[in-house]
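What follows is a set of notes on a single structure, which appears directly below.
Just so it is clear, the structure is predicted and the values come from calculations on it, not from any experiment. Lettering of chains follows the sequences in order, A, B, ..., and the numbering in each one begins at 1. Side-chain atoms are counted along with the backbone in the values below, which use heavy atoms only and exclude waters and symmetry mates.
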Amino acid sequence: MASEKAPIPLGSNFIRAIVEKDIEQGVYHTRKWAGSPGDAAHQSAGQVDQAKIRTRFPPEPNGYLHIGHAKSIFLNFGLARDYAGVCHLRFDDTNPEKESQEYVDSITDAVKWLGFDWHNGREQNLYFASNYFDFMYRSAECLIEHGHAYVDSQTADEMRLNRGSLTEAGKNSPWRDRSVAENLALFRAMRDGQHADGSLVLRAKIDMASANINLRDPAIYRVRRAHHHNTGDKWCIYPMYTFAHPIEDALEQITHSICTLEFEDQRPFYDWLLGRLAEAGLLAQPLPKQYEFARLNLTYVVLSKRKLIQLVEEKHVAGWDDPRLPTLAGARRRGYTAEGFKLFTDRIGVSKADSWIDYSTLEDCMREVLNESAERRIAVLDPIRLVIDNYPVDQVEDCFAPNHPLKPELAKRVVPLSRELWIEREDFMEEPSKGFFRLMPDGMVRLRYGYVVKCTGFEKDATGKVTVVHCEYLPDTKSGTPGADSIKVKGNIHWVSVAHAYECEVRLYDRLFKEAHPGEGDKDFLDDINADSVSVIRAQLEPSLKEVQAESRFQFERHGYFVADKKDSLAGKTVFNRTVTLRDAWQK
RNA sequence: UGGGGAGUCGCCAAGUUGGUUAAGGCACUGGGUUUUGAUCCCAGCAUCCGAAGGUUCGAGUCCUUCCUCCUCAGCCA
């Protein structure tokens, strides 16, 4: 047995491997944590951190979270959960012009909805980068004092010109060799509002000839007179992401700072900055390390913030929570579940390879979760009348339908049967196509949970459209009675009693885009919008569906999964959204 | 064309320091069960790891060359 290889845990990936190795080697065994973010002095006065690792999910509050973020959330919070660590929710709010409280609120909602929590005992690990502005300012002065940063008076255009190109080295700024005293005075004047927006910028002093352009004296502080959602008008200079992010991680004692691939080139600066600040005694060791994974690419949707904002602002959709949007708020209204997203992220894995996940993979995950959890109900979406001519006019009888075929303990409910029923238009064919085994002239079919009926005729209106189908029922064949199987029929259709039906609004959603890669090439992605991405219908539902709680999810048998819309449903007037159809192997 | 990454079955993705027949999931294809053309069950599904050379008793794992794709030149994140 000892010679057998250990089984590979499901969901094994390179980041888990790194974390496991770090824990095994005790890289963070002596790491301290004073109970809150802080500098070296603060943390060194604390205890050895009980959290084995600290990760963080650091969104910028400048938009709504989407499915791509779900991948990152499950990664970061999941790692913390699996390795006895904690994960911080941190708002990376260093650019006041784009950020707002609305986004902060929607983001916290979404993370909670996915089932995560940033509390660790009494510790509440919800942070804002803007709360570290004082320390960031101090760090900037520290860099200046050690000759690692300078104030540049070049214009943005000049800076760009002197940055060089991918193949050519950049040129030093004429202001690169200002004295420490002058830099300090200038930087303080920037802070004190004595310089116009854009007139001066603080730059790290590294190497204008570096092959890595991010090391060619990156800008780390800019003058920007803007009202900040958290700090108000206290500051007129704001740190850049490049500078702020590593510091945020270090102050929070993050061990594994996980981001997407496009930040790979940034890692050398991340390490450079933290190294300089740690050697100056400002930051506690061990320092956080950055790791990168491939972001999610999903077909048939757009996940870029710019495009999502455009869809919302130009009203191509009804808002950030439009059920067709890949935002988490939209997915929630669509009826997608947190469990489904968990399954999805487990299934797609984490690696550094660029990949495209087909949208159907997500839908499959939602189906899988919903199949297990959603109770069954009956709904006729495109009704035509079925009259059982040999059924007594005023008779009503109870039929019993299981609430969940896989869970008998959920019992059965009563659905009333009477002479006139609504059935699905597509369940009747005057001239059946090959393989069709539902209702057809002279054909027999079972009314699900009721009787076997034989079609005896049908009526059409002036346009040739079938309006009524006639049939006769076989009294001995009621489901659940001994004679039920006396006649075997292949077809089995659902129905709702006309006299008892609850008519209601149902929204059938489809993909927002008709192309797998919206806007691919030089097209405008808006041209790929699917004009039929939603159709609002009046459906006939079984009576038990009239009063249901918002966000209740059901499988409408033979159709798919539906959710009671949490926004537009009124008491006694539920509106349903189609989450996803059932798989349908029948090639029509 | 400089730097940094990535290329393993249709789509994802494991593959420790090179060691026997290349995990797993999804999809797909057969077959079975089924009062949802759903679910479920069973079986099948890469002599091959971007390509070509090389090292080795032995290579997806090491070396060389080449190819393809992604990414970086914001006072965005």
Side-chain angles (χ1 to χ4, degrees), chain A residues 5-14 17 21 58-60 62 92-95 97-98 152 154-156 159-161 163-170 197-203 210-216 218-224 237-238 240-242 244-245 259 261-268 292 294 299 305 346-358 360-361 364-365 367-368 371-372 376 378 401-402 405-406 435-438 446-450 452 479-480 484-485 488-494 555-560 581-588:
Chain A
K5 282 187 176 180
I8 297 157
L10 191 68
S12 163
N13 63 52
F14 78 101
K21 193 175 169 202
E60 181 187 13
N62 69 344
D92 208 346
D93 54 354
T94 57
N95 185 1
E97 289 172 316
K98 294 181 174 175
D152 198 346
Q154 290 183 109
T155 64
M159 272 181 62
R160 179 163 39 75
L161 254 27
R163 188 151 29 232
S165 71
L166 294 179
T167 51
E168 300 159 303
D197 285 14
S199 60
L200 294 178
V201 66
L202 184 70
R203 291 229 253 172
S210 174
N212 180 348
I213 292 176
N214 295 289
L215 260 24
R216 319 242 261 232
I220 58 180
Y221 252 104
R222 76 278 213 183
V223 182
R224 179 80 78 251
I237 57 172
Y238 291 95
M240 304 283 293
Y241 164 86
T242 309
H245 205 89
C259 60
L261 250 25
E262 66 270 29
F263 295 103
E264 264 178 326
D265 298 341
Q266 212 82 232
R267 192 180 345 122
E292 310 85 14
T299 59
K305 213 161 256 183
D346 285 346
R347 204 164 266 185
I348 63 176
V350 177
S351 77
K352 298 188 77 150
D354 293 305
S355 60
W356 280 88
I357 307 295
D358 195 90
S360 64
T361 301
D364 279 334
C365 291
R367 283 191 189 99
E368 197 165 318
N371 175 50
E372 185 68 25
R376 314 285 122 126
I378 299 167
L406 307 173
F436 183 83
F437 54 71
R438 279 113 90 156
R446 173 173 293 281
L447 296 178
R448 198 163 165 73
Y449 311 126
V452 171
S479 294
D485 293 325
K488 287 277 186 192
V489 290
K490 197 166 187 195
N492 187 302
I493 65 173
H494 61 96
Q555 181 194 101
F556 289 177
E557 294 194 8
R558 303 214 298 136
H559 282 301
T581 61
L582 248 32
R583 285 173 59 164
D584 184 1
W586 185 47
Q587 303 300 316
K588 280 166 222 177

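- Put simply, CG on A/Asp354 is 8 Å from C1' on B/G5, counting in whole angstrom units.
- Rounded to whole Å, the separation between the P atoms of B/U55 and B/A73 comes to 44 Å.
- Judged by atom type and distance alone, A/Arg446 reaches the base of B/U35 through a side-chain donor-acceptor pair under 3.5 Å.
- Contact annotation for A/Arg448: base contact, defined as any heavy-atom pair under 4.0 Å involving a base atom.
- One atom, NZ of A/Lys488, and another, C1' of B/U34, lie 10 Å apart when rounded to the nearest Å.
- Closest-nucleotide positions on RNA chain B for A/Glu557 and A/Ala156 were compared, and the one nearer the 5' end corresponds to A/Glu557.
- Between the side-chain ring of A/Tyr241 and the base of B/A77, no stacking contact exists by the 5.5 Å and 30° definition.
- Between A/Lys98 and A/Glu60 there is no salt bridge, since no side-chain N of the basic residue sits under 4.0 Å from a carboxylate O of the acidic one.
- Residue contacts shown for A/Gln154 include a base, since a base heavy atom lies under 4.0 Å away.
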Inset, instruction - Check the pair A/Glu97 / A/Tyr238 against side chain to side chain contact (heavy atoms under 4.5 Å, CB included), numbers first and verdict last. - result: CA-CA 11 Å; A/Glu97 289 172 316; A/Tyr238 291 95; over 6 Å; no
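- Closest to the side chain of A/Ser12, from the set B/C12, B/A14, B/A38, is B/A14.
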Legend entry - Working for side chain to side chain contact (heavy atoms under 4.5 Å, CB included), residues A/Thr581 and A/Arg367: CA-CA 8 Å; A/Thr581 61; A/Arg367 283 191 189 99; 3.6 Å; yes
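- When the nucleotides B/U39, B/C76, B/G37 are ranked by their closest atom to the side chain of A/Arg222, B/C76 comes out on top.
- The side chain of A/Leu166 sits closest to B/A73 out of B/A27, B/A73, B/U35.
- When both distances must be under 3.5 Å, the Watson-Crick or G-U wobble mate of B/G7 is B/C67.
- As judged by a 4.0 angstrom heavy-atom cut-off over every strand, A/Tyr449 is placed among the base-contacting residues.
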Inset, instruction - Let me see the working for A/His494 and A/His559 under side chain to side chain contact (heavy atoms under 4.5 Å, CB included), right down to the final yes or no. - result: CA-CA 10 Å; A/His494 61 96; A/His559 282 301; 3.4 Å; yes
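- Within 4.0 Å (heavy atoms only), A/Phe436 reaches at least one base atom of the nucleic acid.
- Minimum atom distance to the side chain of A/Asp584 is reached by B/G37, of the listed B/U35, B/G37, B/C70.
- Taking atom P in both B/A23 and B/C9, one finds a spacing of 13 Å when rounded to whole Å.
- Going from atom CG of A/Leu582 over to atom P of B/U39 covers 7 Å, rounded to whole Å.
- Put simply, CZ on A/Phe437 is 12 Å from C1' on B/U34, counting in whole angstrom units.
- With C1' as the reference atom, B/G19 and B/G24 are 23 Å apart, rounded to whole Å.
- As judged by a 4.0 angstrom heavy-atom cut-off over every strand, A/Gly491 is placed among residues making no nucleic acid contact.
- As judged by a 4.0 angstrom heavy-atom cut-off over every strand, A/Glu168 is placed among residues making no nucleic acid contact.
- The distance from atom CD of A/Glu60 to atom C1' of B/C76 is 7 Å, rounded to the nearest whole Å.
- Using N1 to N3 plus N6-O4 or O6-N4 for Watson-Crick, or N1-O2 and O6-N3 for G-U wobble, each under 3.5 Å, B/U55 pairs with nothing.
- Across all non-hydrogen atoms, the minimal contact from A/Gln555 to A/Leu582 is NE2-CD1, 3.7 Å.
- In the set B/A13, B/G5, B/U35, the nucleotide with an atom closest to the side chain of A/Lys352 is B/G5.
- Both distances falling under 3.5 Å, in either a Watson-Crick or a G-U wobble arrangement, place B/G44 opposite B/C28.
- Contact annotation for A/Phe263: base contact, defined as any heavy-atom pair under 4.0 Å involving a base atom.
- Nucleic acid contact for A/Thr361: none, since no nucleic acid atom lies under 4.0 Å from a heavy atom of the residue.
- Pair assignment for B/G2 gives B/C72, based on Watson-Crick or G-U wobble hydrogen-bonding distances that are each under 3.5 Å.
- The two residues A/Tyr449 and A/Pro402 make their nearest non-hydrogen contact at CE2-CD, 3.5 Å.
- Under the 3.5 Å distance criterion, with hydrogens and angles disregarded, no donor-acceptor pair is assigned to the side chains of A/Ser210 and A/Asn212.
- Contact annotation for A/Asp265: base contact, defined as any heavy-atom pair under 4.0 Å involving a base atom.
- Here the side chain of A/Thr167 is nearest to one of B/G2, B/G37, B/C12, namely B/G2.
- Put simply, the side chain of A/Arg376 and the base of B/U36 share a donor and an acceptor less than 3.5 Å apart.
- Rounded to a whole angstrom, the distance from the P atom of B/U64 to that of B/U29 is 45 Å.
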Inset, instruction - Start with the C-alpha distance between A/Arg448 and A/Ile378, add both sets of side-chain angles, then the distance that settles side chain to side chain contact (heavy atoms under 4.5 Å, CB included), and finish with yes or no. - result: CA-CA 10 Å; A/Arg448 198 163 165 73; A/Ile378 299 167; 5.9 Å; no
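- Ring geometry for A/Tyr241 versus A/Phe263: interplanar angle of 30 to 60°, hence tilted.
- At whole-Å resolution of the value, NE2 in A/His494 and P in B/U36 are 12 Å apart.
- Regarding A/Leu261, its CG atom lies at a distance of 15 Å from the P atom of B/G4, rounded to whole Å.
- At the heavy-atom level, A/Met240 lies under 4.0 Å from the strands shown only through sugar-phosphate atoms.
- Contact check for A/Asn371 versus A/Glu368: no side-chain heavy atoms found under the 4.5 Å cut-off.
- Under 3.5 Å, the side chain of A/Glu372 and the base of B/U39 form no donor-acceptor pair of N or O atoms.
- Within the 4.0 angstrom heavy-atom criterion, only backbone atoms of the sugar-phosphate kind lie near A/Ile348; the bases stay farther away.
- One P atom belongs to B/C70, the other to B/U61, and the distance between them is 25 Å to the nearest Å.
- Using a 4.0 Å heavy-atom distance criterion, A/Pro58 is classed as making no nucleic acid contact.
- Here A/Ser360 lies out of heavy-atom contact (under 4.0 Å) with every strand.
- The residue A/Val350 sits close only to the backbone: its heavy atoms come under 4.0 Å of sugar-phosphate atoms, none of a base.
- Here A/Arg224 reaches the OP1 or OP2 of B/C76: one of its side-chain N or O atoms lies under 4.0 Å away.
- If you take atom C1' in B/G15 and the same atom in B/C48, they sit 14 Å apart, rounded to whole Å.
- Atom C1' of B/C62 sits at a distance of 16 Å from the matching atom of B/C57, rounded to the whole Å.
- If you take atom P in B/C12 and the same atom in B/G53, they sit 28 Å apart, rounded to whole Å.
- Looking at which nucleotide of RNA chain B each of A/Asn212 and A/Asn492 is closest to, the 5′-most match is held by A/Asn212.
- Checking B/C72, B/G7, B/A14 against the side-chain heavy atoms of A/Asn13 singles out B/A14 as nearest.
- Checking the phosphate oxygens (OP1, OP2) of B/G74, a side-chain nitrogen or oxygen of A/Arg163 falls inside 4.0 Å.
- Atom CZ of A/Arg558 is separated from atom P of B/U34 by 18 Å (rounded to the nearest Å).
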